Amino acid sequence: MESHKNPLDLSLLPCIQLRGVGKNTADRLAHLGIHCVQDLLFHLPSRYQDRTRVFPITTVSAGDHVVIEGLVENVSMPKGGRTRLLCEVRDPSGRIHLRFFYINALQVKTLQPGVRVRCFGEVRRGTHGLEMIHPEYRLLTTDTLLPVDETLTPIYPATDGLSQLTFRKLTDQALALLENGGVLQDIMPTSLLQKHAFPALKDALSFVHRPPPDAPVDQLMEREHVSQKRLVFEELLAHRLSLLHLKNTFQIQKALSIPQKDSLTQQFITALPFALTAAQVRVTEEIYADLQQPHPMLRLVQGDVGSGKTVVAALAILQAIENNYQCAILAPTELLTEQHYRTFQKWFSPLNINVVMLSGSMKSSARQNTLATLANGEAQVVLGTHALFQKGVEFHKLALIVVDEQHRFGVQQRAMLREKGSYENCYPHQLIMTATPIPRTLAMSVYADLDYSVIDELPPGRTPVTTTVITNLRREEILNRIHDACAAGRQAYWVCTLIEESEVLQCQAAENTAQEMKAIFTELKIGLIHGRMKSAEKDEVMTAFKKGDLHLLVATTVIEVGVDVPNASLMVIENAERLGLAQLHQLRGRVGRGAVASHCVLLYQFPLSNLAKARLAVMRETTDGFKIAQRDLEIRGPGEVLGTRQTGDVSLRIADLVRDSDLLPAVTQAATILINQHSDIVSPLIKRWLRDAVKYGHV
Ligand code: ADP
Ligand code: MG
């Protein structure tokens with residue numbers, strides 16, 4: 001029990017010592033990563049409710065969380081539907097409805113015409129104009145004047161069965177300890193605090209947990225207050241430091257150094273039907289320089305869809321092969337694995353390089369054979385999904401791992417990969433390829449543990465895809481366009497999407513659409529591909545489409561990444577409004593890969609919200625992945641841009657990468673200063689803010 005040494009060190013004082021915390025509550029807190037009083041103080045309110053004033057009803061609008069007060073007028077209990085009780089409240093300025101879906105007998109009895117109520121809740125637009133659904137309310141007797149709250153009410157995030165009230169009681173105690181001699185080290189150097197005119201940690205924390213009555217409400221709600229900014233800054237700094245730490249620990253590891261050799265490379269380049277773009281050459285040289293180091297490369301190559309990342313990967317792989325090492329290529333789906341397998345076989349067989357594939361659908365005997373060739377070094381290049389790094393896969397001399405379409409891999413997966421592939425105390429080099437365009441400020445924060453190259457040039461001769469946004473009410477017209485494209489010898493995709501996560505339903509929708517298309521276009525050959533088909537079946541369909549044996553391919557979003565059929569010039573995406581812009585951009589990248597002018601039709605369900613309209617308009621206006629990502633970031637936030645699986649990497653408490661992006665340059669600068677001049681505080685700062693995430697970085 002370390003806490004007995006200095007009970008007032010808040011980083012050592014366990015929560016269970018607080019009043020009202022038993023084993024049960026302590027366990028729940030621990031589940032949220034809150035173990036000591038310091039953790040509790042750093043569990044910051046995610047927002048505030050303003051119950052400090054009563055708003056006249058006419059001044060409120062949909063989306064506001066407000067207090068209103070008025071006289072109950074009409075009360076009705078509608079028949080049918082979910083609504084149990086609807087009551088109209090009027091104040092001198094206007095009226096609003098309260099809607100209840102469940103309500104007990106006592107409430108029904110007391111909510112009668114003529115009583116005065118004070119309500120707090122979110123205002124929404126309903127069938128009768130503005131309404132509040134399930135507001136918190138109190139009945140007022142006419143002669144009492146109920147005082148409003150003096151301070152903003154903090155709302156705590158992710159409470160895991162613990163009520164807001166519990167959190168308020170606990171933070172009350174924690175703040176009292178902080179006031180009365182509890183020790184919480186202010187880790188940030190004074191020089192840094194002065195430079196940004198930041199308040200001391202203690203003051204910032206008390207302010208953010210319990211804004212005083214005279215606090216500027218609007219500033220706090222917008223998180224513009226200097227106390228909030230200080231904590232945001234500290235959090236961003238801790239994140240950046242942890243990623244830099246990760247990078248440093250990785251960079252001092254050993255790796256097989258791969259000296260540059262050119263014989264296979266020359267043969268390969270000579271055989272290519274095109275010349276490399278300047279960007280491809282530049283990025284390849286950056287990779288070569290990394291590979292020659294005796295430390296593992298960890299490089300992210302970003303290149304828009306169709307920029308030719310695969311060739312760059314092949315050039316890196318050839319270096320390892322020339323030096324008698326093995327390489328592994330990881331793809332996110334079996335479909336993409338198979339496509340890469342064909343590409344690499346075509347490229348590498350003439351060079352006598354043995355390329356193999358491990359897939360989930362392989363027969364056990366075939367799999368055993370392949371595994372044996374990997375273990376004895378006969379197989380030089382292996383392709384597979386991340387299942388490649390499951391138990392039982394042994395390599396002879398693995399020197400390089402290529403991860404394609406990286407947005408599905410987070411920090412943790414990267415760490416796992418390098419552990420699995422280690423050889424004689426050497427870690428394999430890692431080359432990570434992504435088409436996800438990441439705005440630079442964001443990349444610097446989220447991928448600070450990686451080196452970063454950009455293929456910022458498309459191969460010559462591509463005609464940009466034109467995009468139209470059309471309501472599903474005009475589906476007929478689209479069918480004509482499909483007919484015309486196919487009659488002209490081109491091919492088309494029809495992509496079915498559904499909002500449900502359920503793959504079953506998605507596949508069902510694709511099956512129905514394929515049936516419908518077959519009935520309409522009796523003269524066309526129509527294929528279907530979705531995630532529930534067997535690998536061999538998918539392979540067959542894809543090959544047929546690639547060879548031009550199929551005119552129209554009805555698909556789910558399985559074709560999102562990497563699929564390459566240059567003759568396809570038309571893509572229709574159903575329910576486009578339901579997809580993220582990054583995903584739409586990926587999908588659209590499947591057309592416009594040849595010299596012919598291509599089209600993408602985004603079909604949406606009528607009617608479309610203004611936000612959705614704005615988002616789809618972005619797709620119409622530009623085909624530049626970077627611009628799309630930047631706009632998506634502004635409209636939807638980083639979780640969407642990076643893909644949902646990645647958001648686990650950037651779970652921030654108080655900072656927000658978009659809103660606070662103006663702080664990022666200063667954070668970057670401060671991180672360098674801290675590492676150079678205050679290295680002793682780096683680790684405590686990371687531990688304070690990242691808690692459980694720390695284990696991935698071995699801090
Ligand atoms: P992505 O970056 O989206 O993975 P790919 O590697 O699949 O792109 O390349 C897209 C297409 O462009 C492929 O057909 C590829 O052969 C072709 N390609 C790659 N580099 C060049 C180049 N320098 N000139 C012309 N075509 C190229
Ligand atoms: Mg690709």
Side-chain angles (χ1 to χ4, degrees), residues 265 268-285 287 299-318 329-348 350 383-385 402-409 431-438 452-465 491 493 542-543 545-548 557-569 571 582-596 598 600 623-626 628-629 643:
T265 306
F268 173 69
I269 290 181
T270 314
L272 280 180
F274 48 75
L276 297 177
T277 63
Q280 284 170 322
V281 171
R282 190 191 67 241
V283 171
T284 304
E285 277 165 4
I287 295 168
R299 183 171 288 278
L300 177 69
V301 172
Q302 195 278 328
D304 212 343
V305 282
S307 62
K309 294 184 290 295
T310 322
V311 177
V312 171
L315 287 165
I317 290 167
L318 284 176
I329 306 173
L330 262 72
T333 61
E334 297 248 326
L335 185 62
L336 207 56
T337 308
E338 284 149 22
Q339 179 179 293
H340 275 327
Y341 179 63
R342 279 192 296 272
T343 306
F344 279 94
Q345 280 228 309
K346 187 179 75 189
W347 283 342
F348 285 0
L383 292 111
T385 62
V402 176
V403 182
D404 196 20
E405 305 301 348
Q406 182 274 342
H407 58 288
R408 300 179 189 225
F409 288 79
L431 180 62
I432 299 162
M433 325 280 277
T434 182
T436 309
I438 312 140
Y452 187 52
S453 300
V454 186
I455 306 181
D456 51 5
E457 182 184 359
L458 290 181
R462 302 259 169 92
T463 320
V465 182
Q491 291 162 278
Y493 294 99
M542 248 3 262
T543 314
F545 190 61
K546 225 171 170 160
K547 274 169 50 190
T557 50
V558 293
I559 56 147
E560 178 189 339
V561 278
V563 171
D564 188 34
V565 181
N567 189 48
S569 69
M571 168 169 284
Q583 202 179 1
L584 285 174
H585 180 65
Q586 288 284 330
L587 281 169
R588 183 170 62 180
R590 300 308 111 221
V591 292
R593 301 174 85 84
V596 127
S598 297
C600 177
T623 52
D624 180 331
F626 268 96
I628 291 171

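Note that the structure is a prediction, hence the values are computed from the model and not measured. First listed ligand is number 1; within each ligand, the first listed atom is number 1.
Numbered from 1 in the order shown, with element, the atoms of ligand 1 that lie under 4.0 Å from a heavy atom of Thr277 read 23 (N). Using a 4.0 Å cut-off to heavy atoms of Val305, the atoms of ligand 1 that qualify are 3 (O). Against a heavy-atom cut-off of under 4.0 Å, Thr310 is close to the following atoms of ligand 1: 4 (O), 5 (P), 6 (O), 7 (O). Taking a cut-off of under 4.0 Å to the non-hydrogen atoms of Leu276, the atoms of ligand 1 that pass are 23 (N).
Nearest heavy atom pair, residue Ala314 against residue Phe348, reads O-CZ, 3.9 Å. The shortest heavy-atom contact between Arg593 and Arg590 is NH1-NH1, 3.1 Å. Here the closest heavy-atom approach between residue Met433 and residue Thr310 is recorded as CE-N, 4.5 Å. When all heavy atoms are compared, the tightest approach of Val283 to Val454 is CG2-O, 3.6 Å.
At a 4.0 Å cut-off, not a single heavy atom of Gly303 sits close enough to ligand 1 to count as contact. Note on ligand 1: Gly306 sits in its first shell, one or more heavy atoms being nearer than 4.0 Å. The closest approach between Ala275 and ligand 1 falls below 4.0 Å for a heavy atom of the residue.
Contacts with ligand 1 closer than 4.0 Å are made by no heavy atom of Met433, backbone or side chain.
The N/O atoms of Gly308, backbone and side chain alike, include one that comes under 3.5 Å of an N/O atom in ligand 1. Inclusion of Trp347 in the set of residues having an N or O under 3.5 Å from an N or O of ligand 1 is not warranted.
With Glu457 contributing its side chain and Thr277 its backbone, the two residues share no donor-acceptor pair below 3.5 Å.
For the salt bridge (Lys or Arg N to Asp or Glu O under 4.0 Å) condition, no pair includes a residue of residues 301-313, sequence neighbours left out.
In this structure, a donor-acceptor pair under 3.5 Å is present between the side chains of Ser453 and Arg299.
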